[in-house]
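The block underneath contains the structure these notes are about, expressed in structure tokens.
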Amino acid sequence: MGRGDLTNDEWARLAPHLPKPGRRGGRWNDHRKVVNGILFRIRTGIPWRDLPERFGSWKTVYERHRRWSADGTWDRILQDVLADADGEGRIDWSMASVDSTSCRAHQHAAGAPRRSPRVPKRRSIPRQHRPDEGLGRSRGGLTCKIHLVGEGGLRPLALLITPGQWGDSPQLIPLLERIRVKRPDGGRPRTRPDHLSGDKAYSSRQNRRHLRRRQIKHTIPEPRDQRANRQRRGSNGGRPVGFDKEKYRRRNEVERTINRLKHSRAVATRYDKRAFVYTGTVTASSIRLWLRP
């Protein structure tokens, strides 16, 4: 076992959720070696062609990662791992925090073909495909943004990839809709944390209305201009926004979660041309965080 490879305990948690081997030719019998190759590339950020020979053919490793990113396999594995963690009581639902981080895109991430990609062996578009490929331009050049909601144990519950210049506030509702943790005994999946915290960027009437409608308690500070506008309108401006300083101190948990994700160099810097492949890269890195004790 090489440095950074899955331990036996981590593999025991992951193996039951991987796709079953095919019937023809013993296809996909080497899951562990290939998954270790994918995680090695995500951790180091090296080109796929430079993978060490101990992981086998680099093309096999790359094609499997691309296929699982396109058909939603990485997303399904993350949901299964979250369900196992919830059954073991390892998810801290008492406080979830939302934030985003910008990731610089390497020059190799630009130049994807304009035609829509296809899922290998199928006539469908990848689930996480974006026509803009999740790339935007800013003063620093090409960037993308990872929107993330994390639980109290410093691990992600859901994530979303957008161009780097997109704002945070409009992504709160789509991000919360991605939280779906299956119950161990069946029934509806859990979609609501006990409490949600975010910075001023998420303060808007629409977001607060949505959180109240879903009965999610939240701690989001009100920007000065919004507070002045509410006071100017008098009784028509509504009630003052509640704010708990003690609970807001836990907002740093999502920042530490992002820091742990960016330990993987292929997450901190985007090298993938396609948005769905980069989403699979971030999702696989998230799965690795959940596999650790």
Side-chain angles (χ1 to χ4, degrees), residues 42 74-75 78-79 81-82 85-86 89-104 134 143-181 190-204 206-208 210-211 214-223 241-270 278-279 281-293:
I42 293 175
W74 283 128
D75 297 330
L78 178 59
Q79 296 303 318
V81 171
L82 284 172
D86 192 30
R90 295 195 296 118
I91 299 182
D92 185 0
W93 291 102
S94 63
M95 173 64 77
S97 303
V98 61
D99 203 355
S100 68
T101 180
S102 295
C103 299
R104 180 69 183 270
T143 57
C144 68
K145 185 176 285 188
I146 302 175
H147 303 266
L148 181 140
V149 53
E151 49 93 43
L154 309 184
R155 289 161 298 191
L157 291 173
L159 55 93
L160 180 65
I161 306 298
T162 66
Q165 77 275 12
W166 282 30
D168 293 348
S169 181
Q171 310 308 319
L172 177 62
I173 297 177
L175 190 58
L176 293 178
E177 291 175 349
R178 289 173 175 253
I179 302 178
R180 299 185 63 85
V181 180
R190 178 158 187 177
T191 60
R192 297 184 302 172
D194 297 336
H195 203 98
L196 181 74
S197 67
D199 57 19
K200 294 180 181 180
Y202 297 96
S203 177
S204 70
Q206 182 181 8
N207 289 341
R208 295 185 189 275
H210 177 79
L211 293 172
R214 296 195 60 195
Q215 299 180 356
I216 300 177
K217 298 179 180 179
H218 54 279
T219 300
I220 301 176
E222 187 180 25
V241 176
F243 182 73
D244 190 335
K245 290 185 178 181
E246 293 299 324
K247 290 186 177 296
Y248 190 69
R249 289 180 178 178
R250 293 189 59 183
R251 198 190 67 83
N252 70 87
E253 293 171 353
V254 68
E255 296 176 351
R256 293 156 62 191
T257 302
I258 292 174
N259 184 33
R260 296 180 67 187
L261 269 180
K262 283 194 167 183
H263 286 177
S264 300
R265 297 189 177 186
V267 174
T269 302
R270 174 176 168 175
Y278 183 67
T279 301
T281 298
V282 182
T283 304
S285 181
S286 303
I287 293 172
R288 183 60 190 274
L289 293 182
W290 280 104
L291 295 178
R292 293 172 178 171

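Just so it is clear, the values below take in all heavy atoms, side chains as well, and ignore hydrogens, waters and symmetry mates.
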Nearest 0.5 angstrom please: Asn207 CG to Ser169 OG, how far?
4.0 Å
My understanding is that only residues two or more places apart in sequence, or in another chain, count here; which of them pass side chain to side chain donor-acceptor pair (under 3.5 Å) with Lys247?
none
Considering residues at least two apart in sequence or located in another chain, which fulfil the salt bridge (charged side-chain N to carboxylate O under 4.0 Å, His left out) criterion with Asp194?
Arg190
Excluding sequence neighbours, so at least two apart, what forms side chain to side chain contact (heavy atoms under 4.5 Å, CB included) with Ala85?
Arg90, Ile91, Trp290
Asp86: which residues meet the side chain to side chain donor-acceptor pair (under 3.5 Å) condition with it, sequence neighbours left out?
Trp93
Side-chain touch Val98/Val254, heavy atoms, less than 4.5 angstrom
no
Rounded to the nearest 0.5 Å, how far apart are CG of Asp199 and CG of Asp99?
5.0 Å
Might you point out which heavy atoms bring Pro193 and Ala96 nearest each other, and give the distance in Å?
CB-CB, 3.6 Å
Output the distance between atom CZ (Arg192) and atom CD (Gln215), rounded to the nearest 0.5 Å.
5.5 Å
All side chain to side chain contact (heavy atoms under 4.5 Å, CB included) counterparts of Pro163, not counting sequence neighbours:
Arg130, Asp132, Gln165, Trp166
Would you please say whether a donor-acceptor pair under 3.5 Å links the side chains of Ser285 and Ser264?
yes
Looking only at heavy atoms, the pair that brings Leu159 and Ser286 closest together is CD2-OG, 3.6 Å
Side-chain (Tyr278) to main-chain (Val267) donor-acceptor, under 3.5 angstrom
yes
Here the gap from His195 atom NE2 to Ile216 atom CD1, rounded to the nearest 0.5 Å, amounts to 10.5 Å
Out of curiosity, Tyr202 OH to Ser100 OG, how far, rounded to the nearest 0.5 Å?
4.5 Å
Minimum side-chain heavy-atom gap Glu222-Arg208 below 4.5 Å
yes
Work out which heavy atom in Ala158 is nearest to a heavy atom in Ile179; give both atom names and the distance.
CB-CG1, 3.9 Å
Tell me whether the count of non-hydrogen atoms from other residues, nucleotides or ligands lying under 6.0 Å of CZ in Arg292 goes above 12.
yes
State which residue, out of Ile146, Leu160, Ile42, Leu148, fulfils the side chain to side chain contact (heavy atoms under 4.5 Å, CB included) condition with Val282.
Ile146
How long is the straight-line distance from NE2 of His147 back to CG of Leu172, given to the nearest 0.5 Å?
10.5 Å
Arg260: side chain to side chain contact (heavy atoms under 4.5 Å, CB included) partners, not counting sequence neighbours:
Leu154, Arg155, Leu289
With sequence neighbours excluded, what pairs up with Asp92 under the side chain to side chain donor-acceptor pair (under 3.5 Å) test?
Ser94, Arg250
Residues at least two apart in sequence or cross-chain that pass side chain to side chain donor-acceptor pair (under 3.5 Å) with Gln171, listed by chain then number, are none
Residues in salt bridge (charged side-chain N to carboxylate O under 4.0 Å, His left out) with Arg288, at least two apart?
Glu10
Quick note, salt bridge (Lys or Arg N to Asp or Glu O under 4.0 Å) partners involving residues 157-174, not counting sequence neighbours, are Lys145-Asp168
Paired with Thr191, the side chain to side chain donor-acceptor pair (under 3.5 Å) test is passed by just one of Arg178, Glu177, Arg214, namely Arg214
Heavy-atom neighbours of Lys217 NZ exceed 12 at 6.0 Å
no
For Arg249, what residues pass the side chain to side chain contact (heavy atoms under 4.5 Å, CB included) criterion, not counting sequence neighbours?
Glu246
Evaluate the side chain to side chain contact (heavy atoms under 4.5 Å, CB included) criterion for residues Leu261 and Thr101: first the C-alpha distance (whole Å), next the side-chain angles of each, then the deciding distance (0.1 Å), finally the verdict.
CA-CA 11 Å; Leu261 269 180; Thr101 180; over 6 Å; no
Quick one: do Ser197 and Glu253 satisfy side chain to side chain contact (heavy atoms under 4.5 Å, CB included)? Show the steps, please.
CA-CA 10 Å; Ser197 67; Glu253 293 171 353; over 6 Å; no
Salt bridge (charged side-chain N to carboxylate O under 4.0 Å, His left out) partners for Glu255, two or more places apart:
Arg251
So, for Tyr248 and Gly198, which heavy atoms are closest and what is the spacing to 0.1 Å?
CE1-O, 3.3 Å
